[in-house]
Amino acid sequence: MTHKRLWTWLVLMVTAATLLAACGGAPAQTPPTAAPAAAATEAPAAATEAPAAATEAPAAATEAPAAAATEAPAAATAGGKLTILYWQSVTILNPHLASGTKDFDGATVILEPLAHRNDKDELVPALAEEIPTVENGGIAADGTSITWKLKQGVKWSDGSDFTADDVIFTWQYCADEATACTTSSYFTPVKSVEAIDPYTVKVTWNAPSANPYLTFVSYNGLILQKAQFEKCVGAASISDAACQAANLAPIGTNAYKLKDFKPGDTVLYDKNPEYRDAANTFFDEVEIKGGGDAASAAQAVCQTGEVDYSWNLQVPAAVLSPILESGQCDAVTASSSGIERIVVNFANPDPALGDKRSEPDQPHPFLTDPAVRQAINIAIDRKAIATNLYGPTGEATCNTVMAPAQVVSPNTKCDRDVEAAKKLLDDAGYVLNGSVREKNGIPLVVSFQTSINTLRQGEQAIIKSNLAEIGIQVNIKAIDAGVFFGGDTGNPDTLNKFYADLQMYTNSPSDTDPQGYFEGWTCAKVNSSANQWQGGNDGRYCSAEYDALFEQFSKELDPAKRNELAIALNDQIVKDNGIIPLINRFTPNAKAKTLDGPVGTTFDSGLWNIHTWKRVP
């Protein structure tokens with residue numbers, strides 16, 4: 001079978017399978033009511049990682065007399081339930097111990113940061129009274145500190161007062177390495193957080209900061225209640241039973257509070273009567289259903305009308321387009337919803353190592369060889385993946401960052417070159433033994449894992465075929481998304497443990513300044529059992545050159561030079577093939593036409609403004 005015919009066959013197989021599941025005469029699949037199985041499976045059904053996106057919301061409906069048909073319809077009556085479908089189930093509601101977007105989003109319904117990033121990438125106050133600037137005296141001219149004025153009169157859902165102590169505590173919680181916060185990169189640059197008064201906090205940096213909004217902003221900066229979590233600092237955050245319970249039921253300040261949570265299945269929220277604007281909270285209840293697959297999620301909002309909002313419609317373009325064109329929903333998109341990438345494991349995941357499996361002091365037998373990583377990189381046909389699977393919802397890229405524009409590198413290229421890949425392996429001493437290359441008796445056989453999703457299994461199939469052409473055998477594994485993106489430190493199939501050679505998912509910066517994002521590839525953040533596998537660097541990439549660049553970047557205050565260093569960091573990780581970027585995604589969410597409020601944001605949770613959502617006629 002020729003290479004071109006093989007691609008055609010793969011795409012037809014993926015599309016046909018999805019059409020059978022999503023476009024047949026049967027009604028849309030109903031999300032499971034039981035928690036997803038923990039074991040890896042081979043069936044398509046779930047996954048990704050990265051906030052989706054959005055268009056601007058339609059204008060809010062206004063009340064009008066119910067008279068002639070030419071007059072505007074009356075506003076919808078407040079109340080009822082807002083139903084949201086996430087085909088990746090929420091598994092934890094403490095965002096600082098979360099790994100997947102679905103968990104950050106589930107927490108955002110309850111918790112708030114000091115400020116959000118809106119659909120225009122602008123900062124808007126949440127728990128803060130205003131956005132600090134140099135002009136209003138909130139940011140020190142020398143870049144050493146930022147002072148936030150907090151909203152007064154804010155109540156936690158248990159009726160207690162929100163104060164500066166809660167902000168200080170959230171920093172203390174995540175600054176402690178033993179807590180193993182997945183968001184620690186956003187807190188470690190802080191030297192101190194102090195209360196000027198009960199409603200003013202001053203954040204002082206370890207060194208002058210060019211990004212004063214790094215901490216307490218967006219979904220990485222959600223504030224925890226001190227009274228609930230103060231005994232959970234350090235190892236108790238995961239090991240203590242009371243802390244585990246708190247991780248599943250945080251007390252919050254947002255418009256909704258937790259009513260019931262079945263991890264891996266459904267989260268139910270009630271209107272929070274203590275919310276500062278409770279009179280204008282439209283819905284009585286919010287439900288996030290989990291399970292099913294991306295195609296049935298699209299159908300549920302765009303065709304059957306079972307739900308109001310569906311997240312992350314990561315569906316092959318040939319299937320998604322007719323669903324979105326049904327006329328019953330609106331796509332919610334943004335400039336980028338993240339970079340789909342392959343993460344390379346620099347540690348050895350061999351099960352024979354027992355407790356030392358994938359520990360950073362156990363180097364991978366061949367993926368530590370730059371020639372092998374580069375051969376894999378240039379053997380992959382990104383254009384085929386983009387054209388045949390993503391269509392208008394994704395484009396080929398080999399950058400780790402595609403937004404904002406000023407930090408997008410113009411220097412990288414990743415054209416497919418099979419012959420050059422073969423030569424790299426030849427020159428490095430990897431010789432063919434049958435159809436698979438080997439060196440020193442070690443064959444180039446890799447395990448390649450990702451979450452269960454028809455589109456992702458299509459990507460796996462293309463990549464497996466690509467690498468077979470250069471003598472690398474790929475064994476594919478697909479894992480339920482609730483497990484893959486889950487925070488269960490005891491489960492072997494999480495992306496954080498990474499018990500495979502290669503893995504694929506989407507990620508992106510949560511800030512217009514990518515400092516916290518780039519810190520995730522430093523040696524200090526390498527995942528290991530010592531940090532509960534939650535350091536943030538799941539590939540165990542460690543480079544003195546990269547660390548030196550990051551150190552320079554973190555101290556640079558000049559915006560133009562800072563952008564140059566951000567591009568240099570991108571180029572370094574790409575040159576080293578620390579990760580292998582594939583697709584810049586524009587994957588949409590979808591909302592019912594009767595739902596007003598959802599707007600996208602590249603740098604925050606898709607539910608960041610859920611307190612404003614309402615139903616319209």
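Numbering of residues begins at 1 and proceeds along the displayed sequence.
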_Intermediate values then yes/no, ring pair (Phe, Tyr, Trp, His ring centres under 6.0 Å), Tyr219 and Phe104_ = CA-CA 6 Å; Tyr219 59 85; Phe104 285 105; 4.9 Å; yes
Thr587 and Gln314: CA distance, side-chain angles, deciding distance, side chain to side chain donor-acceptor pair (under 3.5 Å) verdict: CA-CA 6 Å; Thr587 307; Gln314 193 178 13; 5.5 Å; no
| query | How far apart are the C-alpha atoms of Lys593 and Asp330, what are their side-chain angles, what is the distance that settles it, and do they pass the salt bridge (Lys or Arg N to Asp or Glu O under 4.0 Å) test? | reply | CA-CA 6 Å; Lys593 286 188 175 295; Asp330 294 319; 2.6 Å; yes
What do the steps show when you test Glu395 against Phe586 for side chain to side chain contact (heavy atoms under 4.5 Å, CB included), and what is the final call?
CA-CA 8 Å; Glu395 63 183 9; Phe586 315 120; 3.7 Å; yes
Next on the checklist: Does Val217 form a side chain to side chain contact (heavy atoms under 4.5 Å, CB included) with Leu123? I'd like the steps, not just the answer.
Outcome noted: CA-CA 9 Å; Val217 169; Leu123 282 169; 3.6 Å; yes
Fill in: Candidate pair Trp608 and Asn118, rule side chain to side chain donor-acceptor pair (under 3.5 Å), full reasoning
CA-CA 8 Å; Trp608 70 276; Asn118 68 12; over 6 Å; no
message = Under the criterion side chain to side chain contact (heavy atoms under 4.5 Å, CB included), I'd like the reasoning laid out for Asp488 against Val483: C-alpha separation, chi angles, the key distance, then a yes or no.
response = CA-CA 8 Å; Asp488 183 358; Val483 173; over 6 Å; no
Next item on the list: Step by step, work out the ring pair (Phe, Tyr, Trp, His ring centres under 6.0 Å) result for Tyr86 and Trp311.
Entry: CA-CA 5 Å; Tyr86 273 51; Trp311 168 79; 4.7 Å; yes
Notebook entry, point to check: Under the side chain to side chain contact (heavy atoms under 4.5 Å, CB included) criterion, do Phe162 and Ile223 qualify, and how do the steps go?
Noted result: CA-CA 10 Å; Phe162 161 74; Ile223 306 299; 4.1 Å; yes
Next item on the list: Go through the steps to decide whether Ser99 and Asn496 satisfy the test side chain to side chain donor-acceptor pair (under 3.5 Å), and finish with yes or no.
Entry: CA-CA 8 Å; Ser99 300; Asn496 288 337; 2.7 Å; yes
Walk me through whether Thr494 and Asn491 qualify under side chain to side chain donor-acceptor pair (under 3.5 Å). CA-CA 6 Å; Thr494 64; Asn491 196 301; over 6 Å; no
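At a threshold of 4.0 Å, the pair Lys289-Glu306 does not count as salt-bridged, since none of the basic side-chain nitrogens sits closer than that to a carboxylate oxygen. A salt bridge does not link Glu285 to Lys271: none of the charged side-chain nitrogens sits closer than 4.0 Å to a carboxylate oxygen. Ion pairing between a basic and an acidic side chain is recognised when a charged N comes within 4.0 Å of a carboxylate O; Lys155 and Asp161 show such pairing. Remark: Asp596 does not engage Arg615 in a salt bridge, criterion side-chain N to carboxylate O under 4.0 Å. With respect to the salt-bridge test (charged N to carboxylate O, under 4.0 angstrom), the residues Lys257 and Asp158 do not qualify. Salt bridge present: Arg117 and Asp511 bring a charged side-chain N and a carboxylate O closer than 4.0 Å. We find that Arg456 and Glu340 are joined by a salt bridge, their nearest charged nitrogen and carboxylate oxygen being less than 4.0 Å apart. A salt bridge does not link Asp538 with Lys497: every distance from a Lys NZ or Arg NE/NH1/NH2 to an Asp or Glu carboxylate oxygen is 4.0 Å or more.
The shortest heavy-atom contact between Ala317 and Pro322 is O-CD, 4.4 Å. Summarising the geometry of Tyr173 relative to Thr179, their closest heavy-atom pair is O-OG1, 2.8 Å, with the distance given to 0.1 Å. Val301 and Asp308 get closest at one heavy-atom pair: CG2-O, 3.5 Å. Taking each heavy atom of Phe283 and Lys81 in turn, the nearest pair found is CD2-C, 3.9 Å. Scanning all heavy atoms of the two residues, the minimum distance from Tyr275 to Thr281 falls at CD2-OG1, 3.6 Å. Across every non-hydrogen atom of Ala590 and Leu324, the tightest pair is CB-CD2, 4.4 Å.
No hydrogens or angles considered: nothing links the side chains of Gln299 and Ser310 as a donor-acceptor pair under 3.5 Å. A donor-acceptor contact closer than 3.5 angstrom is absent between the side chains of Asp105 and Thr108. For the residue pair Ser157 and Asn272, no side-chain donor N or O sits within less than 3.5 Å of a side-chain acceptor on the partner. Between the side chains of Tyr505 and Gln449, no donor-acceptor pair of N or O atoms lies under 3.5 Å. For the residue pair Tyr186 / Ser510, a side-chain donor-acceptor distance below 3.5 Å is found, with atom types taken as modelled. Asp103 and Thr91 are linked by a side-chain donor-acceptor pair at a separation below 3.5 angstrom, with hydrogens and angles left out of the test. With 3.5 Å as the limit, one finds a donor-acceptor pair spanning the side chains of Arg585 and Thr506.
Side-chain N or O atoms of His96 include one that pairs as donor or acceptor with a backbone N or O of Leu222 at under 3.5 Å. Using a distance-only test at 3.5 Å, with no hydrogens or angles considered, a donor-acceptor pair links the side chain of Asn609 to the main chain of Gly597. Side-chain N or O atoms of Gln460 include one that pairs as donor or acceptor with a backbone N or O of Phe448 at under 3.5 Å. Distance alone, capped at 3.5 Å, is enough to place a donor-acceptor pair between the Asn527 side chain and the Gly536 backbone. Between the Glu274 side chain and the Gly159 main chain, no donor and acceptor come within less than 3.5 Å of each other. Not a single donor-acceptor pair under 3.5 Å links the side chain of Lys151 to the backbone N or O of Glu129. Of the possible polar contacts, one joining the Lys591 side chain to the Leu595 backbone as a donor-acceptor pair under 3.5 Å is found. Side chain of Thr450 to main chain of Met504: a donor-acceptor pair is present (N/O by atom type, distance under 3.5 Å, no hydrogens or angles). Side-chain atoms of Ser326 come within 3.5 Å of backbone N or O of Cys302 as a donor-acceptor pair. When atom types are taken as modelled, the side chain of Gln534 and the backbone of Ala180 share a donor-acceptor pair closer than 3.5 angstrom.
Screening residues 226-241 for side-chain hydrogen bond (donor to acceptor under 3.5 Å, both in side chains), with sequence neighbours left out, gives no hits.
The shortest distance between side-chain heavy atoms of Val109 and Asn254 does not fall below 4.5 Å. Side-chain contact between Val154 and Leu127 is present, with at least one heavy-atom pair separated by less than 4.5 Å. The shortest side-chain heavy-atom distance between Leu320 and Pro588 falls under the 4.5 Å cut-off. Annotation: side chain of Phe187 is not in contact with side chain of Leu214 (no heavy-atom distance under 4.5 Å).
Residues passing the ring pair (Phe, Tyr, Trp, His ring centres under 6.0 Å) test with Tyr517 are Trp521, sequence neighbours excluded. The ring pair (Phe, Tyr, Trp, His ring centres under 6.0 Å) test applied to Trp613 returns Tyr309, not counting sequence neighbours.
Separation of the Tyr256 and His611 ring centroids does not fall under the 6.0 Å cut-off.
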